[in-house]
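Working notes, beginning with the structure itself.
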Amino acid sequence: MLKKTPLYEEHLKLKAKMVEFHGWLLPLQYSGILAEHNAVRNAAGLFDVSHMGEIIVKGEGSEASLQRILTNDISAMKPGRVLYSPMCYPDGGIVDDLLVYKLGEGRFLLVVNAANVERDYQWLLLHASGAEIEDVSDQYAQLALQGPNSLEILQRLTPQPLNEIGFYRFEPNVSIGGTSALLSRTGYTGEDGFEIYLDATEAPILWQRLLDAGSSLGLVPAGLGARDTLRFEACLPLYGNELSERVTPLEADLDRFVKFSKDFIGKEALWAQKEGGVKRRIVGLELLDPGVPRQGYEVRADGKAVGLVTSGNFAPYLKKYLALALLNSDFSREGQKLSVLIRDKEHRAIVVPTPFYRRSGKV
């Protein structure tokens, strides 16, 4: 049986198109993917992302265990900070990518991909020493308020001075519209915005209050479809597309989140890959001939296969056909001319810088 978030009935009231997604029944769209995408770029969108997983890691050995398990360095984190990190197998393949919230000394909240919750939980149980691991996913609902008007909208519902919360920072126990929530300045759209973690039973009330507060500022409910096109334009990786157990963080262009100055699971393999030269890379492509480059489509150079598309779409805000592709490194330099095979026809493409979209006025 498919799982439902605490907001399932709210989605039905809004006549959302519901789809199956990794065992969950979730809204794909309400008013349409293009409309929701552009609303987030120009005003604001509200997403139900309660399918994401939450795992608590606490106890005396929690920090040392996470240092060993994650590729990024959490040793300098202070309470109230958020950090992104891959988590790898010994061969360097990616178990998952996740956010680490430092709740206090020896207490962390990990936010993981919905499809990987059980695998991550078992991996942590296997490799954490002296730490308590608890899957608390069922206790939380998660809302994402994203877009340039998100701060003004949220400020209408909370006395918390939101301007004082920096990017990748959070505040616990924030009063929002009569509920208490953990509030972080994070997101997955390339826009300014907030993610709100709260008791699952209170989610429907806050969902409606946010929509009411933001209606005059262009806020719309947004579904999985817009979430994917937004993250694609911003070149934020998606597990199952850009990331997998067969792809390393170095191949996925996540070098800055791999800290060779410490020991971690997968370090030896990744160091050998770095020293030997990374043989393939995720790069950005712009198609010069119109066509949608779907995941798995072949990328060619002079008629020979040199890689595969990992994500591709028409970028609604940029109005271009774009793709992310895992390519032989010999063909990954900017300006390299290639082609993408779409329905047995080669479409001209060129390697371009990433991210495709970068908002101005960063927090």
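Predicted model only: the values in this text are computed from it and were never measured. Position 1 is the first residue of the sequence; numbering continues from there.
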Can you name the residues that form a side-chain contact (heavy atoms from CB on, under 4.5 Å) with D199, not counting sequence neighbours?
T201, E202

side-chain contact (heavy atoms from CB on, under 4.5 Å) partners of S339, counting only residues at least two apart:
R300, E346

Strictly under 6.0 Å, is that where the ring centroids of Y101 and Y197 end up?
yes

Please name all residues satisfying side chain to side chain donor-acceptor pair (under 3.5 Å) with R68, sequence neighbours left out, ordered by chain then number.
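Result, side chain to side chain donor-acceptor pair (under 3.5 Å) vs R68: none returned.
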
Pairs in or reaching into residues 227-255: which pass ring-ring contact (aromatic ring centres under 6.0 Å, His included), with residues at least two apart or in two chains?
F232-F356

Assess whether atom CG of D138 is packed by more than 12 heavy atoms of other residues, nucleotides or ligands within 6.0 Å.
no

Any donor-acceptor pair under 3.5 Å from R41 side chain to L230 backbone:
yes

Give a yes or no on whether the backbone of Q142 and the side-chain of E195 come within a donor-acceptor separation of less than 3.5 Å.
no

Taking side-chain hydrogen bond (donor to acceptor under 3.5 Å, both in side chains) as the cut-off, I'd like each qualifying pair that reaches into residues 270-288, sequence neighbours left out, listed once.
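Counting only pairs at least two positions apart or across chains, the side-chain hydrogen bond (donor to acceptor under 3.5 Å, both in side chains) contacts touching residues 270-288 are T248-Q273, E251-Q273, E251-R280, D255-R281.
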
Tell me, which pairs form a side-chain hydrogen bond (donor to acceptor under 3.5 Å, both in side chains) where one or both residues lie in residues 313-322, sequence neighbours left out?
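Every candidate side-chain hydrogen bond (donor to acceptor under 3.5 Å, both in side chains) pair involving residues 313-322 fails, so no pair, neighbours aside, qualifies.
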
Could you tell me which residues satisfy ring pair (Phe, Tyr, Trp, His ring centres under 6.0 Å) with Y84, sequence neighbours excluded, listed by chain and number?
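Here the qualifying residues are F257.
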
Apart from [X] itself, residues in the same hydrophobic cluster as defined by side-chain heavy atoms under 4.5 Å:
X: V57; value: I55, L66, I69, L70, I74, M77, L83, M87, Y89, V95, L98, V100, F108, L110, V112, V117, Y121, W123, L124, L125, I133, I265
X: L238; value: Y188, L236
X: M1; value: none
X: L341; value: none

Donor-acceptor pairs under 3.5 Å, side chain of residues 204-211 to any protein atom, not counting sequence neighbours: which ones?
unit_1, atom_1, unit_2, atom_2, d
Q208, NE2, D212, OD1, 3.0
R209, NH1, G177, O, 2.3

